[in-house]
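Contents: one structure, followed by commentary.
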Amino acid sequence: METLQPGTSIYAVPVGFSENKSIKNCRSILSHVSRQLKKNIMPYTKIDFIAIFILSLPLNILLIFRFLFFKERFSPFKNFGDSISFLYYSSLFFGIFLFALYPENAAYYPSMSAMMFLGICLIVYFSPLYYFQRRRALILNVVSKKIFKFCCFFILIGGWVAIIHFTPRAIDVLTSNVSEFRILLNTGELDVGSKTMTDKILVGFSTFYGIAQLLGLIVFASDLYGKWSKLIGVLLLISSVSYVINAFSFGGRDGVVYWIVSLWVNILLVRFFMGGLRIKILKPYFILSVLLLLIPFSLITASRFSNIFGYSLFDYMAQQTIEFNNVFILDPPLYHGDFHFYQFKEMLFGKERLLTKESMYGFYFEHGVFPWRFKYFFGSFLMDFGKIGTLTIVLLMALTVFILLIKKTRFSINDHIVGLDALLLLYLYCQIGFMGVFYFKHMALNNYMLALIGLSAIVYLGKLCGLKSFVSLKPATF
């Protein structure tokens, strides 16, 4: 099989593309891709086994690392680290099949160095998760029950108000032509961003969906509110749906996936404290929630990809490896955060975005690569900071989480205590991982991550000041 050259894929930009009008040309590019996908809907019959071997490297590297250094049984239904890594195993596995069936869809031939680099990044990221998933705790230190209850109430009210606010918009989008809506959104012809302060505040509340789930499960499994604990816990869980509805108002499907995975990871985090009976109570509601959310998910998919419905679902979970390979080989110029992290730069350093979105998109379009396609959060780092910068950031993230959690937790045979600050940081690290199966931009478009780190720091300062308030929950029995 001949080596695929850049720009020869179905994603190659149509003739007549102008870099200065890159966003305006998005509509014609998307139409071009849709036509080509219809032509290539039948699988390619010739298989390049060398390319398959190269694409399988990160999967094999992560599997060998997991079972060589962490020899306990692999259990995605009991361990949060295994659960998140299962998403990556699945994506890497499907990515191999995607290339085997549709090699003409790749802009570049699989690179050995790209896949080795991806494998190393996966090892570094998952090391803390594999280590801490083996720990067990029986007592949660919330520092102050009054402050904890206030945070629960604050997030609960904000989430419910966000649901009421975004539901009419979501209904309008779901009952319209979602495909046309997304094209207008991608081309910049339609702006549905946060125009008012109310929008911005409620979007902010919706981004705390994972924390609403975490707090809801803790309350559900405790007696913090007495006989009202279960009801308030359920209301907190429902308030977290505000993020899904907000995503629907943009014609997006990601909110459904993130919400489902986040709830499952939170259940596994809190299962250290939850009794078996309460877990059993949650299971049917979890399954029912998944089935209900899959209905609008399918409607959006059918509207946006009506002629390639099955392929689009497969591509949704399989495109990451190939797209990461494309960006790695393309070796784009360093944007130093202007692509995905410009809001952080503006907030922390007061530096405005130097390059326009059009110019950055134009570089990728010229090489037959769509910058908005999924490529793991490593790919998002790669587009901004290059190879060395990406590996450095991932390594610093893993070391920081490991050091902070070791200091902020006391896990031993005689002292099973975990602080709320440590639990919040651990969830944030998990969230970067399961949202990062796709990309990192959802973290960069709001102040959620910094706010959560700040909240964890406040809780930790409370512990340093001698504040203690323990919540005992029954150990899980699966």
Side-chain angles (χ1 to χ4, degrees), residues 78-84 128-152 154-156 207-224 229 232-233 236-237 240 261-275 278-279 282 397-398 400-412 415-435 448-464 467-476:
K78 291 186 178 182
N79 299 322
F80 54 85
D82 288 340
S83 181
I84 297 172
L129 294 184
Y130 288 152
Y131 178 81
F132 285 106
Q133 74 175 5
R134 300 182 297 171
R135 304 302 183 93
R136 296 293 181 265
L138 300 179
I139 301 175
L140 176 66
N141 181 9
V142 297
V143 178
S144 171
K145 288 185 180 180
K146 291 183 178 179
I147 296 177
F148 182 82
K149 289 181 178 180
F150 173 78
C151 290
C152 292
F154 189 65
I155 292 177
L156 188 153
T207 59
F208 276 80
Y209 71 98
I211 304 305
Q213 293 172 344
L214 181 61
L215 298 182
L217 290 170
I218 292 173
V219 171
F220 186 88
S222 71
D223 295 320
L224 281 166
S229 293
I232 294 176
L236 273 166
L237 290 173
S240 68
V261 177
S262 176
L263 181 58
W264 181 248
V265 170
N266 274 318
I267 289 175
L268 295 182
L269 283 173
V270 182
R271 87 177 189 87
F272 300 148
F273 318 107
M274 297 183 70
R278 289 180 174 129
I279 285 288
L282 284 177
M397 283 172 49
T400 300
V401 169
F402 186 84
I403 293 172
L404 289 178
L405 289 181
I406 284 293
K407 287 186 176 182
K408 291 187 176 185
T409 56
R410 292 182 292 168
F411 288 115
S412 66
D415 191 8
H416 296 281
I417 300 175
V418 61
L420 180 61
D421 54 333
L423 196 60
L424 291 175
L425 282 180
L426 183 57
Y427 171 75
L428 176 61
Y429 192 71
C430 291
Q431 189 178 29
I432 291 174
F434 67 72
M435 291 183 76
Y448 159 77
M449 182 168 23
L450 292 178
L452 188 56
I453 292 174
L455 179 60
S456 179
I458 292 173
V459 175
Y460 183 61
L461 289 175
K463 288 170 59 177
L464 292 179
L467 296 177
K468 294 180 181 179
S469 186
F470 299 107
V471 177
S472 298
L473 305 142
K474 295 179 181 180

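We're numbering straight along the sequence, starting at 1.
Phe148 has its side chain within reach of Leu215: a pair of non-hydrogen atoms, C-beta onward, lies under 4.5 Å apart.
Atom CD1 of Ile267 and atom CG of Leu214 lie 11.5 Å apart (nearest 0.5 Å). Taking CG from Leu455 and CG from Leu424, the interatomic distance works out to 5.5 Å, rounded to the nearest 0.5 Å. Atom CD1 in Ile155 sits 10.0 Å away from atom CZ in Phe150 (nearest 0.5 Å). In this structure, the separation between CD1 on Ile211 and OG on Ser262 is 8.0 Å, given to the nearest 0.5 Å. To the nearest 0.5 Å, atoms OG (Ser222) and CG (Leu217) are separated by 10.5 Å. For the atom pair OH (Tyr427) and CG (Leu452), the distance works out to 8.5 Å, reported to the nearest 0.5 Å.
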*Kindly indicate, with the supporting measurements, whether the criterion side chain to side chain contact (heavy atoms under 4.5 Å, CB included) is fulfilled by Phe220 and Leu237.*
CA-CA 10 Å; Phe220 186 88; Leu237 290 173; 5.6 Å; no
*Determine, step by step, whether Gln431 and Leu428 satisfy the side chain to side chain contact (heavy atoms under 4.5 Å, CB included) criterion, reporting the C-alpha distance in whole Å, the side-chain angles of both residues, the deciding distance to 0.1 Å, and the verdict.*
CA-CA 5 Å; Gln431 189 178 29; Leu428 176 61; 4.1 Å; yes
*How far apart are the C-alpha atoms of Ile432 and Met449, what are their side-chain angles, what is the distance that settles it, and do they pass the side chain to side chain contact (heavy atoms under 4.5 Å, CB included) test?*
CA-CA 9 Å; Ile432 291 174; Met449 182 168 23; 4.2 Å; yes
*Phe80 and Leu426: side chain to side chain contact (heavy atoms under 4.5 Å, CB included), yes or no, with the steps?*
CA-CA 10 Å; Phe80 54 85; Leu426 183 57; 3.8 Å; yes
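Listed here is the closest heavy atom pair of Ile232 and Leu156: O-CD1, 4.0 Å. Heavy-atom minimum distance, Ala451 versus Phe208: CB-CZ, 3.8 Å. Of all heavy-atom pairs spanning Cys430 and Leu129, the tightest one is SG-CD2, 3.7 Å. The minimum heavy-atom distance linking Ser83 with Leu268 is given by the pair CB-CD1, 3.6 Å. Counting all heavy atoms, side chain and backbone alike, Met435 lies closest to Tyr209 at SD-OH, 3.6 Å. Ser456 approaches Leu425 most closely through the heavy-atom pair OG-CG, 3.4 Å.
Not a single side-chain contact (heavy atoms from CB on, under 4.5 Å) links Ile458 to another residue, sequence neighbours left out.
At distances below 3.5 Å, at least one donor-acceptor pair connects side-chain atoms of Gln133 with backbone N or O atoms of Asp82. When atom types are taken as modelled, the side chain of Lys145 and the backbone of Leu224 share no donor-acceptor pair closer than 3.5 angstrom. The main-chain N or O of Gly210 is found under 3.5 Å from a side-chain atom of Asn266 such that the two form a donor-acceptor pair.
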